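Following: one structure in structure tokens, then a few remarks.
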Amino acid sequence: MFDSHAHYDDRLYDADREELLGRLFGQGGVTGVVAIGCDLASSRAAIALAEAHGGMYAAVGLHPEHAEALSPALLAELETMLGQQKVVSLGEIGLDYHYETPSRDAQKAAFRAQLALAERTGMPVSIHDRDAHGDVLAILREFPNVTGVLHSFSGSVELAKELVKMGWYLSFSGVLTFKNARQAPEVAAWVPSDRYLVETDAPYLTPVPHRGERNDSGMLRYTLQKLAEVRGVPFETAERETEENARRLFRIES
Ligand SMILES: [Zn+2]
């Protein structure tokens, strides 16, 4: 199982991080994890985790929640980090209109600046899009040479079709297993077999039947089961396809 998006630098893992990761990569059936950065400190932490664990890789970037930290110095440091061996993606970056701050203008500026960096460096991007589908699509269209993955994709089948046509991948999280999930199962049933990934977004978005508990990459099995069910394929097919797709997108050899 390949977890395309997780936050193992979170303090919820401080008490047992090494033991947990050892178990997941050992008996736990986890073959790969992309540790995601949200600002410079968590990006550095993601790189440190990737350097310490064979199956772990890092994404570095500025989450829209921290958009006001954007500066030429920060972009220069991200660019340096993107050159490091186990860094496989720029992210997570994007737009989050769930809260009023930071301002939409500040978020868009940070998003565009980092997409320009992705274009210059050729790095695949991990996108955070919360309640901002229209603006995310419009800004991604400004960068036709950039692709990557929409993490925990929450849009409609129509939006999914546009993004796939533009070369993007869609990633499914534990949200797919929630009782009130409507759009995610429809999109998961539709998405082409070479364009979907699976993720935990750990420690958040824990799938049913463990909703409310701390998430970890072992819980991918519940989301993969649901993916297999809605797609009408065996579990092993969903497991294999999501891993192959993640390795292709992030250019990680088996
Ligand atoms: Zn995340």
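This one's a predicted model, so the numbers in the text were calculated from it and none came from an experiment. The analysis underlying the following values was restricted to heavy atoms, covering all of them including side chains, and did not include hydrogens, waters or symmetry mates. Whatever order the structure lists ligands and atoms in, that order sets their numbers, starting from 1.
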(message) Could you identify the N, O or S atom of Asp201 positioned closest to the Zn ion (ligand 1)?
(response) OD1

(message) Tell me whether the Zn ion (ligand 1) has His7 as a neighbour, meaning an N, O or S atom of it below 2.8 Å.
(response) yes

(request) Assess His128: does it contribute an N, O or S atom lying under 2.8 Å from the Zn ion (ligand 1)? (result)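 Within the cut-off used here (under 2.8 Å), His128 places no N, O or S atom near the Zn ion (ligand 1).
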
(message) Show, in sequence, the C-alpha distance, side-chain angles and deciding distance for Glu199 and Ser4, and conclude whether the side chain to side chain donor-acceptor pair (under 3.5 Å) test is met.
(response) CA-CA 5 Å; Glu199 68 175 273; Ser4 66; 4.7 Å; no

(request) Would you verify whether the NZ or CZ of Arg221 falls within 45 degrees of the ring axis of Phe235 while also being under 6.0 Å from that six-membered ring's centre? (result) no

(message) More than 12 heavy atoms of other residues, nucleotides or ligands under 6.0 Å from CZ of Arg247: yes or no?
(response)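 Atom CZ in Arg247 is crowded, with more than 12 foreign heavy atoms closer than 6.0 Å.
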
(message) Angle at the Zn ion (ligand 1), OE2 of Glu92 to NE2 of His5, rounded to 10 degrees, please.
(response)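 The two atoms subtend 90° at the Zn ion (ligand 1).
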
(request) Kindly indicate whether the side chain of Ile127, heavy atoms from C-beta on, has any atom under 4.5 Å from the side chain of Val136. (result) yes

